[in-house]
Amino acid sequence: MTDIHAKRRTRLFEKMGRGIAIIPNAPEQRRNGDSDYPYRFDSSFYYLTGFAEPDSVLVLVSGDARQSILFCREKNIEREIWDGYRFGPDAAREEFGFDAAHPIAELDEKLTELMGNQATLYYPLGADAHWDQRMLKLREAVRTKVRSGIKAPDELRDVRTLINEMRLFKDSSEIAIMRKAAAISTAAHRRAMQFVRAGIFEYEVEAELLHEFCRNGARNPAYTSIVAAGENACVLHYVANDARLKQSDLLLIDAGCEFSGYASDITRTYPVSGKFTGAKKHVYEIVLAAQTAAIDAARPGNSWEAPHNAALRVLIQGFIDLKLCRGTVDGVLEDESYRKYYMHRTGHWLGMDVHDVGDYKIDNAWRSLQPGMVLTVEPGCYIRPSDDVPRALWNIGIRIEDDVVITDKGHEVLTEAAPKTVSAIEELMKKS
Ligand code: GLY
Ligand code: MN
Ligand code: MN
């Protein structure tokens, strides 16, 4: 693994030109009392290091001899008795292939040396006010050395611009991890489908998902699971998960694990009864057709917008048929009356972050899809009670979401193993 991270650092060096890059890991976060939130490293820091301890900073110094330097916690037997193993600089340098490693307490002092005579200072500019202040202060400290012929960096740049573009294109090792994350999450969705029945609570279904994640080594979900029965499915970020499932409800589950630092993001919607009927079945078929059209449009060379546009046209035709919208598909696209029932976009980049980094537009135009990009495809339909809506459609909330890698020839759907056709869902639910 360290090879992969070293290669990524080399690529970042190539993009940097003459400069110094400072990439801090995420801080630990207090939850309450003496209890912290589970620690999660900063995605970009981990992408470049593979090192997962808090209180660490990566410094890349360009020049004739490029230097990758880690700052991390020192060995501390007392703390290790309480909190567990820490590498310490020497073992970390050895194990993770850095040119040098130092105690984190020496960061400021060493940085004032390392910044000298570098043209550009790269760091996550503006991401954290304390870091902004600290970087400017250090730069000022370097400036005071002007009489010894040392110059402070003239230019400050956001290192995320460079790293985010790298992270947008996943290499084969990343795709392999994302396949595994997807496999665990599809198993969890299958488990939930077999478990669901009227009378239980949404959180009981959530527990099944988390159980399946954890027993496969995915200790955390990539985001808070949404388990939304009936009208709750019309709340896009519903996370209360505390209602009881009714036989007549549709259940929307948006849940995915994080595995080895990579997210999966899957939504399935199905009847608690195990049988699709009536208006709910009709709306489901529309959303599924929209999703199929969108996935089909996820091909290299197509615009980022192509899947969204393909889904929109199918959804709008469906909304017209259901008498939710009036006019022609083009007319509804133009007047945006569809937004009452479909108010989000059809997907986002997926990677180490569930809403992953990477620009969506270049020079103000939607960028084209390229091999190695990973995106979600997640059209939906959310119908709240309203006088101008047929009563049979009230409180129907449906979303279907898959994770898709763009390949040379087209795409690979990572999350295919979670059933989504009416017949496949009914078949699996019947077995339970
Ligand atoms: N689960 C977050 C999303 O679908 O974007
Ligand atoms: Mn989702
Ligand atoms: Mn998503």
Side-chain angles (χ1 to χ4, degrees), residues 40 43 167-168 170 178-179 181-193 202-203 205-206 208-210 212-213 218 220-229 232-241 250-259 261-270 284 287-288 290-292 294-295 297-298 304-308 310-312 315 339 341-358 360 369 373-382 397-406 411-420:
R40 171 54 155 78
S43 296
R167 281 177 51 194
L168 176 58
K170 276 73 179 172
M178 293 188 77
R179 269 194 205 106
I184 296 170
S185 297
T186 56
H189 276 267
R190 294 177 68 90
R191 184 185 180 108
M193 267 178 210
E202 292 164 341
Y203 52 71
V205 183
E206 182 180 18
E208 293 298 307
L209 298 161
L210 294 177
E212 193 64 26
F213 292 168
N220 292 296
Y223 52 93
T224 306
S225 309
I226 297 171
V227 181
N232 296 335
C234 294
V235 179
L236 296 179
H237 291 161
Y238 177 80
V239 288
N241 297 358
L250 280 177
L251 179 67
L252 181 155
I253 299 180
D254 184 344
C257 72
E258 177 177 297
F259 181 76
Y262 286 79
S264 55
D265 184 6
I266 305 178
T267 310
R268 291 293 183 264
T269 311
Y270 45 91
Y284 186 84
V287 177
L288 184 60
Q291 206 233 10
T292 306
I295 290 178
W304 159 258
E305 275 287 82
H308 181 59
L312 261 188
L315 284 175
R339 290 181 64 91
Y341 310 106
Y342 184 48
M343 59 297 279
H344 60 78
R345 300 191 60 84
T346 301
H348 49 83
W349 303 131
L350 183 74
M352 298 190 78
D353 300 332
V354 62
H355 289 180
D356 206 31
V357 295
Y360 290 87
L369 298 172
M373 292 175 165
V374 183
L375 59 145
T376 66
V377 178
E378 50 177 308
C381 169
Y382 315 90
I398 294 170
R399 178 164 66 254
I400 307 170
E401 175 174 29
D402 281 300
D403 304 344
V404 177
V405 188
I406 304 297
H411 58 246
E412 174 187 342
V413 180
L414 297 175
T415 45
E416 224 157 33
K420 65 181 175 186

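Both ligands and their constituent atoms are indexed starting at 1 by order of listing. Remember, predicted model here, so these are calculated numbers, not experimental data.
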Notebook entry, point to check: Heavy-atom distance under 4.5 Å between the side chains of Pro221 and Leu210, does that happen here?
Noted result: yes
Margin query: For a quick check under 3.5 Å, do Thr415 and Asp402 share a side-chain donor-acceptor pair by atom type?
Written below: yes
Notebook entry, point to check: In Glu378, which N, O or S atom comes closest to the Mn ion (ligand 3)?
Noted result: OE2
Note to self: How large, to 10°, is the angle at the Mn ion (ligand 3) when you draw lines to OD2 on Asp265 and to OE2 on Glu401?
What the structure shows: 80°
Check: Side chain, backbone, both or neither: which part of Asp265 comes within less than 4.0 Å of ligand 1 when only heavy atoms are counted?
Finding: side chain
Checklist line | Heavy atom of the protein closest to atom 5 (O) of ligand 1 (residue, atom name, distance) | finding: His355 NE2, 2.7 Å
Note to self: To the nearest 0.5 Å, what is the distance between CG on Asp254 and CD1 on Ile226?
What the structure shows: 4.5 Å
Item checked: Criterion side-chain contact (heavy atoms from CB on, under 4.5 Å) against Trp349, the qualifying member of Val354, Leu375, Val357 -> Leu375
Notebook entry, point to check: Has His348 got an N, O or S atom lying less than 2.8 Å from the Mn ion (ligand 3)?
Noted result: yes
Margin query: Out of all atoms in ligand 1, which are within 4.0 Å of some heavy atom of Glu401? Include the element for each.
Written below: 4 (O)
Next item on the list: Could you tell me whether the side chains of Thr376 and Asp265 share a donor-acceptor contact shorter than 3.5 Å?
Entry: no
Checklist line | Val354 to ligand 1, any heavy atom closer than 4.0 Å | finding: no
Margin query: Which label fits His348 and His355: parallel for a plane angle under 30°, tilted from 30 to 60°, or perpendicular past 60°?
Written below: tilted
